[in-house]
S.K.: 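Here it is: the structure, laid out below.
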Amino acid sequence: MSAQTKLSGGDAITKTEIRFHNTLSGETEAFVPLVPGEVTSYTCGPTVYDFAHIGNFRTFVFQDVMRRYLKSRGFRVIQVMNLTDVDDRIIQKSAAAGVSIREYTDKYIKAFLDDRAALNLEQPEHLARATEHIDEMVKLIQRLTEKGFTYTSEGSTYYRIAKFPSYGKLSKIDVAGMQAGARVDNDRYDKDNARDFALWKAPKPGEHFWETPIGPGRPGWHIECAAMALKYLGDTLDIHSGGVDLTFPHHENEIAEAEAATSKQFVRYWLHAEFLLVDHEKMSKSMGNFATLRELFSHGHKPSSIRFLLASVPYRRQLNFTPDSLQGAASSVERLRNFVARIGTEKFPEGSSPAMLERAAKAREEFDRGLADDLNTAQALAAIFDLVRDANIAMDRGEFRQGDAAPVLEAMEMFDQIFAVLRDDDALKLTALGITPEVPTLSDTGVEALIAERQAARKHRDFAASDRLRDQLAEFGIILEDSRDGGVRWKRK
Ligand SMILES: [Zn+2]
């Protein structure tokens, strides 16, 4: 199914039906929101006990691409993201630091929001702190108790999953093997076993707790998301997304809580992003500590390269995060920025060419078709890079006309509404974060010596050594280009 509709003010192009892979059905389905024109979306946010990891940002970038794409297709998006500001680790770490939970988590919430801004992640409509929603959680637990889904033991309240027959429908986990009444009350537990989980935890000596109608204590993790999603988005929401590792037990437990309380379907489309892979040994050798965004920034990597890399691999594919792939992303962004700058500065002959108009419309159509297909960002990007290549060739040949600029730029704008990397503001962003990149320097003689070593390794077909030397040079911001005759050129990034 497709329709002729106007996209971003341009000529009519054919827009494709949006399809998302739904973990619940295990299938890629047409996306039709419950209320026409409006999308309700819940995002599991970070547990703010530390800086968020680059793997977390893979999921957040995917959610941002989804959000921006839905908006570009004319939907009003209402997105909620929780901030888990109370859990075992937070309680331990704030106690160890001798500060309140609030004070401890404020610092990491600010850092998280600053990191998001650096990656051009749009702000969700609601950012919900768990500790500000204790009432909603308590009320939801009371509803579950009224319906017989809970029991208490030693001051804690547990969810009785044997009462919820469709438990396991999201993760397809086999609950038959579970021990009846087996309980777990810590926040991190093994992911193979379905167990009765704590909704409300009795306070341990010296721990922070809330005095509530269901007794003193603090909430379990899963009840936070269920309570906040129901509060802001209603009983049934369109999209719930997160990393694939949250499918079980977290999302399964959210379903059990929400659906037992409301007797309605909780979420219509569940979207899960695959892992970000890091070759730990290789990364630690060649890039030092890579774990947080700030570490990457201070090693000289730009926010735009990181965003581009994280967005460029379709969310359901594993993403291998390496120095090479980051460098590739940096040069892709540079190529796109140079292209837009070239259109803006070069003088072209008057008039316009029908071929280029058609070319630009095709690129916009293919870009949209890629994203409509379960957010296939790789396919969407290919459409843009093909356009850039063809337009550059036309310019080189003197065939590009002044009137071709607007439609081509329109395609680039459409791209940037989603990818958000064209504006050259990386340096400003790093300044805002107070980061001065420390790119280690290497003299020309030093570069030549490492290249000679690498050439020798290649001659002996020792490709492991050759790759290692290439990575080592990359760490100094040196980019190598191997030529066909076996020689090598290099430049500084
Ligand atoms: Zn959650």
Side-chain angles (χ1 to χ4, degrees), residues 22-24 40-50 52-53 55-60 62-64 66-67 78-90 105 108-109 112 116 121 124-134 136-137 140-141 144 159 161 167-171 173 184-189 191 194 197-201 218-262 265-275 315:
N22 190 347
T23 310
L24 189 61
T40 51
S41 167
Y42 189 90
T43 299
C44 287
T47 302
V48 284
Y49 66 100
D50 203 345
H53 185 276
N56 304 136
F57 281 105
R58 198 238 165 143
T59 305
F60 297 130
F62 138 66
Q63 287 157 339
D64 189 63
M66 171 166 65
R67 172 192 166 86
I78 306 157
Q79 184 188 4
V80 177
M81 183 169 72
N82 67 298
L83 299 164
T84 299
D85 59 352
V86 56
D87 88 331
D88 293 340
R89 286 162 294 182
I90 289 170
T105 55
Y108 290 110
I109 289 176
F112 176 65
R116 287 181 62 88
L121 297 171
E125 281 61 30
H126 302 278
L127 279 173
R129 281 179 87 134
T131 53
E132 289 170 359
H133 295 78
I134 302 290
E136 286 83 353
M137 298 175 207
L140 182 56
I141 295 169
L144 291 171
Y159 187 98
I161 68 175
Y167 191 88
K169 66 182 171 183
L170 180 71
S171 58
I173 196 145
V184 63
D185 72 354
N186 58 330
D187 292 320
R188 304 169 60 118
Y189 46 95
K191 296 192 183 294
F197 54 93
L199 296 162
W200 189 255
K201 304 175 183 197
R218 64 187 179 88
W221 174 33
H222 318 298
I223 199 76
E224 293 176 18
C225 286
M228 294 190 268
L230 295 177
K231 170 178 177 170
Y232 292 102
L233 301 173
D235 290 350
T236 300
L237 43 139
D238 292 309
I239 301 174
H240 194 317
S241 62
V244 69
D245 52 328
L246 295 185
T247 313
F248 181 85
H250 184 52
H251 291 160
E252 199 71 70
N253 291 351
E254 281 187 44
I255 293 175
E257 292 164 342
E259 297 192 354
T262 66
Q265 181 174 18
F266 176 42
V267 172
R268 303 173 62 242
Y269 299 87
W270 284 94
L271 273 64
H272 289 104
E274 261 300 337
F275 288 119
Y315 76 98

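Note that ligands are numbered from 1 as they come in the structure, with each ligand's atoms numbered from 1 the same way.
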S.K.: Please calculate the NE2(His250)-the Zn ion (ligand 1)-SG(Cys225) angle and round it to 10 degrees.
M.R.: 110°

S.K.: Looking only at N, O or S atoms, find the one in Glu254 nearest to the Zn ion (ligand 1) and name it.
M.R.: OE2

S.K.: Taking the side chain as every heavy atom from C-beta outward, state whether Glu224 and Val86 have any atom pair closer than 4.5 Å.
M.R.: yes

S.K.: Return the set of residues passing side chain to side chain contact (heavy atoms under 4.5 Å, CB included) with Thr236 (not counting sequence neighbours), or none when no residue passes.
M.R.: Leu34, Lys264, Arg268

S.K.: Using a distance threshold of 2.8 Å, state whether an N, O or S atom of His251 lies below it from the Zn ion (ligand 1).
M.R.: no

S.K.: So that I can tick it off, tell me whether Asp88 and Arg218 are bridged by a salt bridge, with the cut-off set at under 4.0 angstrom between side-chain N and carboxylate O.
M.R.: yes

S.K.: Could you check if a side-chain atom of Glu125 sits within less than 4.5 angstrom of a side-chain atom of Arg67, using non-hydrogen atoms only?
M.R.: yes

